Number of protein chains: 2
Amino acid sequence: MKRRPTIIDVAKQAGVSKTTVSRVITGDGANVREETVQRVQEAVEELGYTHNAVASSLRTARTNIIMLSLPDITNPFWPAVARGVQDRMEKEGYAVVFANSDWDTEREKMFLEMARRNRFDAILINPVHVSNDELKATHIPTVLIGSHEGFPDFDIVGSNTYGATQLALTHLYDLGHRRIGLIRGRRESRPGHSRLRSYTDFLQEKQIPLDNSLIMRVPFDENGGRQALQQLLSLSTPPTAVLAANDILAIGALQAAHEAGISVPDHLSIVGIDDIFAASATTPPLTTIAKPQYEIGKQAAEFLLDHLEKEPALSLSKRPFTPRRHLFDCTLQQRGSTAPPIN
Amino acid sequence: MKRRPTIIDVAKQAGVSKTTVSRVITGDGANVREETVQRVQEAVEELGYTHNAVASSLRTARTNIIMLSLPDITNPFWPAVARGVQDRMEKEGYAVVFANSDWDTEREKMFLEMARRNRFDAILINPVHVSNDELKATHIPTVLIGSHEGFPDFDIVGSNTYGATQLALTHLYDLGHRRIGLIRGRRESRPGHSRLRSYTDFLQEKQIPLDNSLIMRVPFDENGGRQALQQLLSLSTPPTAVLAANDILAIGALQAAHEAGISVPDHLSIVGIDDIFAASATTPPLTTIAKPQYEIGKQAAEFLLDHLEKEPALSLSKRPFTPRRHLFDCTLQQRGSTAPPIN
DNA sequence: TATATAAATGGGAACGTTCCCATTTTAGCA
DNA sequence: TGCTAAAATGGGAACGTTCCCATTTATATA
């Protein structure tokens, strides 16, 4: 039957006003005598008072909660990013709500709505279907994760996907490969297509004719990778090397190769992108382009904190806003799945 | 300069009272004329009103937010569980806050505090250091995930770890293995030690003498698994098979075997537990004991929802509480990392 | 000691809902 | 048509803070 104690109960117990208690609790320490602070803290202790963040939020219009919206939490890439976000945000006292859109448009929008209703302080999102304008309409400070184009109004943290692709292709080229397949994810539907553009640019530069039958487009999962490779192997002249848009696809391809009795890297080289945990667990271990996942998350949090320090309302509307881009460079993680082609 | 519209603005616009607007918005549809509902909805539309969940929470003492506390989000096991939780909870309109304790006592406690202050409606936790009593002290409905003992006051959802271990050992035994190593995680410090107990019980039943040098205890990561196997291989008579407490450890062991030039499964069999994504990506693919990760999360959510339907305050204190245990059975996922021993 | 200034404290309004209770309107029925 | 019951609606208080502003108390200065 006993109610949770409120700030007023504490005030009564300590013989001060609720205002003073509030001052002590918010650590707004300024202008409170040390002795009074003591008295209040004792009262808090005695009554087992816990600050009511909800009431506080109502008054201050700040919840200290941010939302992290991701397409697929089961791709290990994202948990790694999330950890970077969390480590940074928690240090500033923010809680992180995960939103797992699962590639679904409706869910993604539903989460934006949730962020609005719950007055979350900010949004961190790898947008899948949602547009620049839809994000702007939330009026919530937002930072994007991923190298997407078409979002002129937001800070973006990601990795240099174009460069990563070049890196991978150069590696294969230097090994002697000339016929290189590309396995793309079907979701990669944004304007930009950095990987594809990078691929065609590379071929052009090296004066290798573009062969569209070498470009596969499949669902972003293991099976997608597997199917793509099967199809590539069935060509009259199959590629001697394959670049997959991410490690999940690459691992699927690797499995398909094993199943087909193709030896990797002897008869086929495979490169992935991301460097997720499983990449080093395959046999042979996967050569891949490493992205600094944790760092990406951390930097995104950093941008977000910049927005949060200012008046939330202002950050989007008032001052002329020059979006920042922070694209991390990627590095070649050479392991066992690549080798010179057999002649 | 324009404020966000409130329920009162909507009321004015629609020419009704705020109470009526509230009724419409909460979908408490009872006792509102259809025509009035229309009018209110139009007003909402016109003004671009969004419900303020914070204010609502203050009044109703419900936030519709739950916390999911996990030791390590980068172990793919947990995201899979989390997805089950999320799918179920979101359907009921709850948001899920992830808390990543990273095996750290302080962080785990800090998260409990956060849950209290933010008045989260419930907690779902795989407790690492926190005790039964500490959880009880939060006065927040809580359900545990994992097969931990020592928590008499809570519903628990997990898997039958003891049985899983038996399954794995039986598999190895049936293949002909008699000298079987065990790689345990160092964190497994709870009373119970289901895996260890299961292991010793099994040996006893099969009348195999216990050899403590076959039992390794290492950090719960890839490297732990690697080191453990190296040490096992350095024994004068190494085991012919190894059971690892989870797939991460098993994969580490697998890598160590490769590095040592030991062929798996010809010269050494390895079994893991969990069946995470990467388990099927290794070469040879890992034989493991599959746990229904998604289902575990879903069932945990189900238990939680039971608590949430009742008066939150009551569920813990009043009625005599009989904790429920839902331990899922595990299944042998036979892949390529196990085979009869060479004689 | 009186006076000006700074520091410490307190009272009340406000944040935007929901809920209780009272009042008005509508429907049902003789 | 009049009366009763039910349905629909509205006004105000309450949830637990924080913030504004006013007041009291302590400190420094002349």
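Proteins come first, then strands; the chains are lettered A, B, ... in the order of their sequence lines, and each starts at number 1. Since the model is a prediction, treat every value here as computed from it, not as a measurement.
The CZ atom of Arg62(A) sits 14 Å away from the P atom of dT18(D) (whole-angstrom rounding). In this structure, Arg4(A) atom CZ and dG16(D) atom C1' are separated by 12 Å, rounded to whole Å. Atom CD1 of Ile7(A) and atom C1' of dC15(D) are 13 Å apart (whole Å). Computed from coordinates, the Ile25(B) CD1 to dT17(C) P distance equals 7 Å when rounded to whole Å. If you take NE2 of His51(B) and P of dG16(C), they are 12 Å apart, rounded to a whole angstrom. Atoms CD (Glu34(A)) and P (dT25(D)) sit 21 Å apart, rounded to a whole Å. Remark: P of dA8(C) and CD of Gln38(A) are 15 Å apart, rounded to the nearest angstrom. Atom CG of Asp9(A) is separated from atom P of dC15(D) by 11 Å (rounded to the nearest Å).
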Can you give each donor-acceptor pair under 3.5 Å made by side-chain atoms of residues 46-55 of chain B, sequence neighbours left out, with the distance rounded to 0.1 Å?
| unit_1 | atom_1 | unit_2 | atom_2 | d |
| --- | --- | --- | --- | --- |
| Glu46(B) | OE1 | Gln13(B) | NE2 | 2.5 |
| Asn52(B) | OD1 | Val54(B) | N | 2.8 |
| Asn52(B) | OD1 | Ala55(B) | N | 3.1 |

Pairs of donor and acceptor atoms involving the side chains of residues 80-91 of chain B, under 3.5 Å and at least two apart or interchain, shall be tabulated with distances.
| unit_1 | atom_1 | unit_2 | atom_2 | d |
| --- | --- | --- | --- | --- |
| Arg83(B) | NE | Asp102(A) | OD2 | 3.4 |
| Arg83(B) | NH1 | Thr74(A) | OG1 | 3.2 |
| Arg83(B) | NH2 | Asp102(A) | OD1 | 2.5 |
| Arg83(B) | NH2 | Asp102(A) | OD2 | 2.8 |
| Gln86(B) | NE2 | Phe98(A) | O | 2.9 |
| Gln86(B) | NE2 | Glu90(B) | OE2 | 3.4 |
| Asp87(B) | OD1 | Arg107(A) | NH2 | 3.2 |
| Asp87(B) | OD2 | Tyr294(B) | OH | 2.4 |
| Arg88(B) | NE | Glu302(B) | OE1 | 2.9 |
| Arg88(B) | NE | Glu302(B) | OE2 | 3.1 |
| Arg88(B) | NH1 | Glu92(B) | OE2 | 3.0 |
| Arg88(B) | NH2 | Glu92(B) | OE2 | 3.4 |
| Arg88(B) | NH2 | Glu302(B) | OE2 | 3.0 |
| Glu90(B) | OE1 | Arg107(A) | NH2 | 2.5 |

How does each nucleotide of nucleotides 9-14 of chain C score, in 5' to 3' order, for protein heavy atoms under 4.0 Å: base (B), sugar-phosphate only (S), or none (-)?
BBBBBB
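Of the options Thr19(B), Thr26(B), Val24(B), a side chain to side chain contact (heavy atoms under 4.5 Å, CB included) to Ser22(B) is made by Thr26(B) and by none of the others. A side chain to side chain contact (heavy atoms under 4.5 Å, CB included) with Leu144(B) holds for exactly one of Ile123(B), Val157(B), Asp153(B), Leu135(B); it is Leu135(B).
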Which is it for Ile65(B) and Asn118(B) under the side chain to side chain contact (heavy atoms under 4.5 Å, CB included) test, yes or no, and what are the steps along the way?
CA-CA 9 Å; Ile65(B) 300 180; Asn118(B) 285 89; over 6 Å; no
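A residue-by-residue look at Ser56(A) and Leu58(B) shows that Leu58(B) has its nearest nucleotide of DNA chain D further toward the 5' end.
Nearest to the side-chain atoms of Asn52(B) among the listed nucleotides dT17(D), dT18(D), dT17(C) stands dT17(C).
Between the Asp104(B) side chain and the Ser101(B) main chain, no donor and acceptor come within less than 3.5 Å of each other.
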